[in-house]
Chemist: 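First the structure, then my questions, so here it is.
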Amino acid sequence: MFSDSITWYLFLGGGGAGTVTVLALCDLLFGRWSKRPEHLRPRWTGQLSSGFFMRGYLLAGGALVLGALCLLLDLAHPERFLYVLLYPTFSVLTFGSYVLSATVACAVALGGIALFGTARTPVVLVRALEACAVVFGMSTMAYTGVLLSEIGFVPLWGSPLLPVLFTCSSLSVGAAVALAGAWPSAAETPHLMRALSRADSVLIVVEAVALAAYLAFAALALGQGGAVETLLTGPNAGLFWIGFVGAGLAGPLALDAAYAVTRTPSFLAVAVPFVLVGGFFLRYCIVNVQFV
């Protein structure tokens, strides 16, 4: 199978793209709702700050760059990545290379705007960059699943629902990273923390539904019941149930619920690494599922 560097690429690339998408959507929603009277705006929009976006885009850009480096390390000839960019063809690899590069560029540009201030940056340019960040970020997230789907020689990789599952997981990771970016000012931004926590809870539920649909489709429609059984009960079953289902789904949902009741930010401090651990082990288990 693939080396561990590919698993890290799928996790870091997808999670970084998810973070860029979540951050861009936050500011796009702020731009839309800022035109309403103050009493009609969601209160979390008033707690967005340049520091929140700067930290978030720094984390997202770092994850994307590290993910790209993991991909390059796995290539026998890393210069092929530049070759694909300079001499594109109609292929999934070319598409992935371009959307990943574009997502990194959007993260760097928006992070720079947050760092140096937006006073001199036309609002229309910021909104255009954020719209591009959402499009390219969603494309990068989906590509991490399409990459395996196109290979398809492992039964569970060929499902058309794999990109959906990876996209849901990446968005959940992105919301968790955004929470981490908001953490330094948690005491001053309770409404923003609450909104991101609720968003992550919704995304985790959607991810769980996508997982169930992915496994059911593989077993019933594609006739891959043996592969599903290997994933659920095989050598990596412990990592799947504890690392992904426990740490990545059940744990964060419970912690988000505890935060909603108690308003104790420390619950979110634990939920964030749980989500990240779950996102990694989902990809690890899928990549390393044994051929049946």
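This one's a predicted model, so the numbers in the text were calculated from it and none came from an experiment.
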Chemist: Quick check: is V126 connected to L58 through a chain of hydrophobic side chains (ILVMFWY, heavy atoms under 4.5 Å apart)?
Modeler: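 No, because L58 and V126 fall into different hydrophobic clusters, even though each may have its own neighbours under 4.5 Å.
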
Chemist: Can you list everything that forms a side chain to side chain contact (heavy atoms under 4.5 Å, CB included) with V65? Sequence neighbours excluded, please.
Modeler: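 Only L69, V104 meet the side chain to side chain contact (heavy atoms under 4.5 Å, CB included) criterion with V65.
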
Chemist: Just to verify, what does A178 make a side chain to side chain contact (heavy atoms under 4.5 Å, CB included) with, not counting sequence neighbours?
Modeler: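 A178: side chain to side chain contact (heavy atoms under 4.5 Å, CB included) contacts with V22, L23, F52, L196.
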
Chemist: Determine the minimum heavy-atom distance between P184 and A180, stating which atoms define it.
Modeler: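 So the minimum-distance heavy-atom pair works out to CD-O, 3.5 Å.
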
Chemist: If you define the side chain from C-beta out and look only at heavy atoms, does anything of L10 sit under 4.5 Å from L147?
Modeler: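 Sidechains of L147 and L10: in contact.
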
Chemist: Supply the atom-to-atom distance T167 OG1 to E207 CD, rounded to the nearest 0.5 angstrom.
Modeler: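 T167 atom OG1 to E207 atom CD measures 10.5 Å (nearest 0.5 Å).
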
Chemist: Should L255 and F274 count as side-chain neighbours, where that means a heavy-atom distance under 4.5 Å?
Modeler: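 Yes; the side chains approach each other to less than 4.5 Å.
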
Chemist: Nearest heavy-atom pair of Y9 and G67: which atoms, and what distance?
Modeler: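 Y9 and G67 have their closest heavy atoms at CD1-O, 3.2 Å.
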
Chemist: Go through the structure and list residues passing side chain to side chain donor-acceptor pair (under 3.5 Å) with T45, not counting sequence neighbours.
Modeler: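 Expected list: none.
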
Chemist: I'd like to know if the side chain of T264 reaches the main chain of S266, judged simply by a donor and an acceptor atom lying under 3.5 Å from each other, with no hydrogens or angles considered.
Modeler: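 Not a single qualifying donor-acceptor pair exists.
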
Chemist: Run the ring-ring contact (aromatic ring centres under 6.0 Å, His included) test on W8 and F280 for me, step by step, so that the C-alpha distance in whole Å, both residues' side-chain angles and the decisive distance to 0.1 Å come before the verdict.
Modeler: CA-CA 7 Å; W8 280 107; F280 174 79; 4.5 Å; yes

Chemist: Can you tell me how far CG of L156 sits from CG of L222, rounded to the nearest 0.5 angstrom?
Modeler: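 L222 CG to L156 CG: 9.0 Å, rounded to 0.5 Å.
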
Chemist: Nearest 0.5 Å please: distance from the OG1 atom of T144 over to the CG atom of L12.
Modeler: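 The CG atom of L12 is 11.5 Å from OG1 of T144, to the nearest 0.5 Å.
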
Chemist: Hey, are the side chains of I6 and C70 touching, using non-hydrogen atoms and a 4.5 Å cut-off?
Modeler: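 In short, these two side chains do not touch, never coming nearer than 4.5 Å.
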
Chemist: Do V135 and V99 come within less than 4.5 Å of each other through their side chains, counting heavy atoms only?
Modeler: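 Heavy-atom side-chain distance check fails, nothing below 4.5 Å.
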
Chemist: By salt bridge (Lys or Arg N to Asp or Glu O under 4.0 Å), which residues pair with R127, not counting sequence neighbours?
Modeler: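 For R127, the residues satisfying salt bridge (Lys or Arg N to Asp or Glu O under 4.0 Å) (neighbours in sequence not counted) are D27, E130.
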
Chemist: With the 4.5 Å side-chain cut-off for hydrophobic clustering, are V270 and V272 part of the same group?
Modeler: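 Yes, it is one cluster - the side chains of V270 and V272 are joined through contacts under 4.5 Å.
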
Chemist: If you group Ile, Leu, Val, Met, Phe, Trp and Tyr by side-chain heavy-atom gaps below 4.5 Å, do I242 and V287 land in one group?
Modeler: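 As far as the 4.5 Å side-chain criterion goes, V287 and I242 are not connected within one cluster.
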
Chemist: Among all residues two or more places apart in sequence or in another chain, which pass the side chain to side chain contact (heavy atoms under 4.5 Å, CB included) test with L203?
Modeler: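 L203 satisfies side chain to side chain contact (heavy atoms under 4.5 Å, CB included) with L171, S172, A175 only.
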
Chemist: Considering only residues two or more places apart or on different chains, which pairs with a residue in residues 231-265 satisfy ring-ring contact (aromatic ring centres under 6.0 Å, His included)?
Modeler: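 Applying ring-ring contact (aromatic ring centres under 6.0 Å, His included) to every pair that reaches into residues 231-265, excluding sequence neighbours, yields F240-F244.
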
Chemist: For L253, check side chain to side chain contact (heavy atoms under 4.5 Å, CB included) against everything at least two apart and list the hits.
Modeler: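 L253 satisfies side chain to side chain contact (heavy atoms under 4.5 Å, CB included) with S201, I204, V205 once adjacent residues are dropped.
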
Chemist: When you compare the side chain of R263 with that of P190, does any pair of heavy atoms fall below 4.5 Å?
Modeler: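 P190 does not reach R263 side chain to side chain.
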
Chemist: Can you list the residues that meet the side chain to side chain donor-acceptor pair (under 3.5 Å) rule with R283, with sequence neighbours excluded?
Modeler: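 In terms of side chain to side chain donor-acceptor pair (under 3.5 Å), with neighbours along the sequence ignored, R283 is linked to S169, S170.
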
Chemist: What are the two closest non-hydrogen atoms of A247 and P252, and how far apart are they?
Modeler: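 So the minimum-distance heavy-atom pair works out to O-CD, 2.9 Å.
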
Chemist: Got a sec, which pairs hit side-chain hydrogen bond (donor to acceptor under 3.5 Å, both in side chains) with one end in residues 183-199, sequence neighbours left out?
Modeler: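 Output for this query lists S197-D256.
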
Chemist: Check for me, please, whether L239 and V277 land in the same ILVMFWY cluster - side-chain distances under 4.5 Å, paths through other members count.
Modeler: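 Yes; V277 is reachable from L239 via cluster members.
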
Chemist: Rounded to the nearest 0.5 Å, how far does OG of S5 lie from CG of L66?
Modeler: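 Spacing of CG (L66) from OG (S5) equals 12.5 Å.
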
Chemist: What distance separates T19 OG1 from L59 CG, expressed to the nearest 0.5 Å?
Modeler: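 Answer for the OG1-CG pair, T19 versus L59, is 7.5 Å.
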
Chemist: Which atom pair, heavy atoms only, marks the closest approach of A133 to L110?
Modeler: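 Scanning both residues, the minimum pair turns out to be CB-CD1, 4.0 Å.
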
Chemist: Step by step, work out the side-chain contact (heavy atoms from CB on, under 4.5 Å) result for V289 and Y284.
Modeler: CA-CA 8 Å; V289 66; Y284 181 88; over 6 Å; no

Chemist: May I have the step-by-step check of side-chain contact (heavy atoms from CB on, under 4.5 Å) for L215 and L232, ending in yes or no?
Modeler: CA-CA 10 Å; L215 295 176; L232 301 182; 4.1 Å; yes

Chemist: Within a strict 4.5 Å, meaning less than it, do heavy atoms of the L276 and V177 side chains meet?
Modeler: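 Sidechains of V177 and L276: in contact.
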
Chemist: Do you reckon L125 sits in the same ILVMFWY cluster as F53, going by side-chain contacts under 4.5 Å, direct or chained?
Modeler: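 In one cluster: yes.
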
Chemist: How many angstroms lie between CG in N236 and OG1 in T230, if you round to the nearest 0.5 Å?
Modeler: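 OG1 of T230 is found 10.5 Å from CG of N236.
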
Chemist: T103: which residues meet the side chain to side chain donor-acceptor pair (under 3.5 Å) condition with it, sequence neighbours left out?
Modeler: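 Partners of T103 under the side chain to side chain donor-acceptor pair (under 3.5 Å) test: T140.
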
Chemist: Counting C-beta onward and ignoring hydrogens, is there a side-chain heavy-atom pair between P163 and M141 closer than 4.5 Å?
Modeler: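 When only atoms from C-beta onward are counted, M141 and P163 do not touch, as no gap falls below 4.5 Å.
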
Chemist: Determine whether L282 and F166 make a side-chain contact, defined as any pair of heavy atoms from C-beta on separated by less than 4.5 Å.
Modeler: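 The answer is yes; the side chains approach within 4.5 Å.
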
Chemist: Indicate the atoms forming the closest heavy-atom contact of Y57 with G111, along with that distance.
Modeler: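 So the two residues come closest at CB-CA, 3.7 Å.
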
Chemist: Which heavy atom of G279 sits nearest to which heavy atom of V173, and what is that distance?
Modeler: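 The pair with the smallest heavy-atom distance is CA-CG2, 4.3 Å.
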
Chemist: Each residue besides V202 in its hydrophobic cluster should be listed here, by chain and number; the cluster joins Ile, Leu, Val, Met, Phe, Trp and Tyr at side-chain heavy-atom distances under 4.5 Å.
Modeler: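 Once heavy-atom contacts under 4.5 Å are chained together, V202 belongs with V206.
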
